[in-house]
Every structure is written in structure tokens, then in C-alpha cells.
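Below is one structure, written out as C-alpha cells; comments come after it.
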Amino acid sequence: MAGTFPNTNYSGLNFKSNQRTLTSVADDGTTYTRQIDSQRFSLTLSFPPQSKADFMPIIGFLMKQRSKKESFTLPLPGGLGNARGTAAGSPTGTASAGDTTITLAGTGTGSLLSGDLITFGNHDKVYMVVDDASDISATNTLTIEPPLREAVSGTAISFDNINMKVRLTSDLQEYVSNTVDKDGNLVFNFELDVIEAL
């Protein structure tokens, strides 16, 4: 990994879930589907116009990624990485790889709501809570998607200040400057496309 993205001054966000599904339709119209467990989140981040002083450290950081080669840590913008529920404490989870229901333990209190993002301490994948969990204390359960990529066993669950391990989605990074500030200095506009690095 090559560091943490240095600018969280986002002005817009397009948040996507990428899930591969194989579909075929029989002659009688019956549809057959099969899903491949390779779900990843991706984001397009828009930034307000940047001065050269603010923009050049970002260019340097992105060059350091060597296009799509390296992965880096992205702080999730606009509160997206913070639970909407009242979760607190230190919940842990136990489940097998492929499960979507997590058995809770630890000292968690409060709730996690559908759409909240979580991570587990033993791997980088970000998961989404898909059913409200009004009580995340021990012996209760939590339902997530996608299915767990790796087993968890008494593993810490994070629900606030979630970061995502990502990589650039293109080998071409383009930055546009078609305006100047009041002093005649170039002002840069850009968007950043990233996808979870698993």
C-alpha cells in the first residue's frame, strides 16, 4: 500500500456496488441466475476547484500509485464511513467465510442500521449492514452483504471512521484547468475514480 489519500475536501460522490451476476434465459422465458462472490464497492469523487498549492500534493500522491498498480487508504467522505445507528463499545463477530449472518459478542451496545458500513479487524473488505440491528450486544446477530470473504472468530467490528482500501480504476489520470483565480493563477478541476482493492 502507498499511503492515505491526502485530501478529503470532496464536493460530490458517486458510490457504487459492483456485483457480477451470470444470467441466461431459457426458450420458455425462465431466467436462471448465478452470482459470483466478488462484490466490490467503487467511488467517483468530485472535488471543488483547487489552487496549485492544494492540488499538487494530490497529483504527487496519485503519481506515487503508479496508475492501478498500488493500493491506498481512502477515508470515506461525508459521513459515509460513520454508522447512522447508535452503536458504541467494542462488538466482535464470529462467522464462517461465505456467511451473511454474524453472531455478535464483545461489549457492543446500541444499534446498526441498514446501509451502515462496517469492517472486521482481520481483513480489508468493507461490508454493508442490510437489516436494522436494534441491539448489537452479545449473542445477537448482524446481517450483512456481501457474504464474508474470510472467516471471523471473535473479530473486532468497526462501524465509525471507516476507511476503504482502494486502487485507481484507470491508468489515465486527467486534470483540467480552464479557469484562473483573481490573481491569474490556474485553478484545477478533477474527479477521482477508485475501486476496492481486495
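FYI, the numbering just counts along the sequence from 1. No hydrogens, no waters, no symmetry mates; every other heavy atom, side chains included, goes into these values.
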Checklist line | Within one Ile-Leu-Val-Met-Phe-Trp-Tyr cluster: Met56 and Leu62, side-chain cutoff 4.5 Å | finding: yes
Next item on the list: List in chain and number order the residues that pass salt bridge (charged side-chain N to carboxylate O under 4.0 Å, His left out) with Arg84, two or more places apart in sequence or in another chain; answer none if no residue qualifies.
Entry: Asp116
Check: Looking just at side-chain N and O atoms, do Glu191 and Thr44 make a donor-acceptor pair shorter than 3.5 Å?
Finding: no
Note to self: Quick one, Met164 and Leu43 - any side-chain contact, counting heavy atoms below 4.5 Å?
What the structure shows: yes
Checklist line | Sub-4.5 Å side-chain heavy-atom contact between Gln50 and Ile58 | finding: yes
Next item on the list: Specify whether Phe55 and Phe188 have parallel, tilted or perpendicular ring planes, treating 30° as the upper limit for parallel and 60° as the lower limit for perpendicular.
Entry: parallel
Check: In terms of hydrophobic clustering (I, L, V, M, F, W, Y; side-chain heavy atoms under 4.5 Å; direct or indirect links), are Val126 and Tyr10 co-clustered?
Finding: yes
Item checked: N/O donor-acceptor pair under 3.5 Å between Asn82 side chain and Asn161 backbone -> yes
Check: Under a 4.5 Å cut-off applied to non-hydrogen side-chain atoms, are Phe72 and Val194 in contact?
Finding: yes
Next item on the list: Check whether any side-chain heavy atom of Val129 sits under 4.5 Å from a side-chain heavy atom of Glu145, and report yes or no.
Entry: no
Check: Taking the side chain from Ser71 and the backbone from Lys165, do they hold a donor-acceptor pair closer than 3.5 Å?
Finding: no
Next item on the list: For Val180 and Asn185, run side-chain contact (heavy atoms from CB on, under 4.5 Å): C-alpha distance rounded to whole Å, both residues' side-chain angles, the deciding distance at 0.1 Å, then the answer.
Entry: CA-CA 5 Å; Val180 294; Asn185 298 310; 6.0 Å; no
Check: Just how far is it from atom CG of Asn18 to atom CZ of Phe41, taken to the nearest 0.5 Å?
Finding: 9.0 Å
Margin query: Within the 4.5 Å heavy-atom criterion, are Arg34 and Thr21 side-chain neighbours or not?
Written below: no
Item checked: Pairs touching residues 125-137 that satisfy side chain to side chain donor-acceptor pair (under 3.5 Å), sequence neighbours left out -> Gln39-Lys125, His123-Tyr127, Lys125-Glu196, Asp135-Ser137, Asp135-Asn140, Ser137-Asn140
Next item on the list: Supply the atom-to-atom distance Thr92 OG1 to Leu104 CG, rounded to the nearest 0.5 angstrom.
Entry: 7.5 Å
Next item on the list: State, yes or no, whether a side-chain contact exists between Glu150 and Phe120 at a heavy-atom distance under 4.5 Å.
Entry: no
Margin query: Can you give me the closest heavy-atom contact between Ala26 and Tyr32, atom names plus distance?
Written below: CB-CE1, 3.8 Å
Notebook entry, point to check: Passes side-chain contact (heavy atoms from CB on, under 4.5 Å), Leu192 versus Phe5? Steps please.
Noted result: CA-CA 11 Å; Leu192 184 66; Phe5 189 69; 3.7 Å; yes
Note to self: Which heavy atom of Pro6 sits nearest to which heavy atom of Pro57, and what is that distance?
What the structure shows: CG-O, 4.2 Å
Notebook entry, point to check: From Asn189 CG over to Glu174 CD, what is the distance, rounded to the nearest 0.5 angstrom?
Noted result: 11.5 Å
Next item on the list: Using atom types as modelled and distance alone, determine if a side-chain donor or acceptor of Ser67 lies under 3.5 Å from a backbone N or O of Lys69.
Entry: no
Check: Rounded to the nearest 0.5 Å, how far apart are CD1 of Ile157 and CD1 of Ile144?
Finding: 8.5 Å
Next item on the list: Count the heavy atoms of every other residue, nucleotide or ligand shown that sit under 6.0 Å from CG of Asp27, and state whether that count exceeds 12.
Entry: no
Check: Near Lys16 NZ, under 6.0 Å, is it more than 12 heavy atoms from other residues, nucleotides or ligands?
Finding: yes
Notebook entry, point to check: Which pair of non-hydrogen atoms, one from Gly154 and one from Thr94, has the smallest distance, and what is that distance?
Noted result: N-OG1, 2.9 Å
Check: For the atom pair CG (Asn163) and CG (Asp124), what is the distance rounded to the nearest 0.5 Å?
Finding: 10.5 Å
Note to self: How long is the straight-line distance from CG of Asn7 back to CZ of Phe61, given to the nearest 0.5 Å?
What the structure shows: 11.0 Å
Check: Is it true that a side-chain atom of Ser51 and a backbone atom of Asp54 form a donor plus acceptor pair closer than 3.5 Å?
Finding: yes
Item checked: Flag side-chain contact, heavy atom, 4.5 Å: Asn9 against Pro48 -> yes
Next item on the list: Under the side-chain hydrogen bond (donor to acceptor under 3.5 Å, both in side chains) rule, what do Thr101 and Asp99 come out as? Steps first, then yes or no, please.
Entry: CA-CA 6 Å; Thr101 302; Asp99 286 351; over 6 Å; no
Next item on the list: Could you state whether Phe190 and Leu74 fall into the same hydrophobic cluster, counting links through intermediate Ile, Leu, Val, Met, Phe, Trp or Tyr residues with side-chain heavy atoms under 4.5 angstrom apart?
Entry: yes
Check: Looking at Ile102 and Ala95, what are the two nearest heavy atoms and their distance?
Finding: CD1-CB, 3.7 Å
Check: Just wondering, do Leu80 and Ile162 contact through their side chains at under 4.5 Å, heavy atoms?
Finding: no
Checklist line | Polar side-chain atom of Arg167 near backbone of Lys68 as donor-acceptor pair, under 3.5 Å | finding: yes
Notebook entry, point to check: Which atoms form the tightest heavy-atom contact between Leu76 and Gly81, and what is the distance?
Noted result: CB-N, 3.8 Å
Margin query: Using the rule that Ile, Leu, Val, Met, Phe, Trp and Tyr join whenever any side-chain heavy atoms are under 4.5 Å apart, tell me whether Leu45 and Phe15 fall into a single cluster.
Written below: yes
Notebook entry, point to check: Hey, any chance Ile118 and Leu113 share a hydrophobic cluster, counting ILVMFWY side chains that come within less than 4.5 Å of each other, even indirectly?
Noted result: no
Item checked: Any pair counted as side chain to side chain donor-acceptor pair (under 3.5 Å), so long as it reaches residues 103-115, sequence neighbours left out -> Thr86-Ser111
Checklist line | Where Leu112 and Ala83 come nearest, the two heavy atoms and their spacing | finding: CD2-CB, 3.7 Å
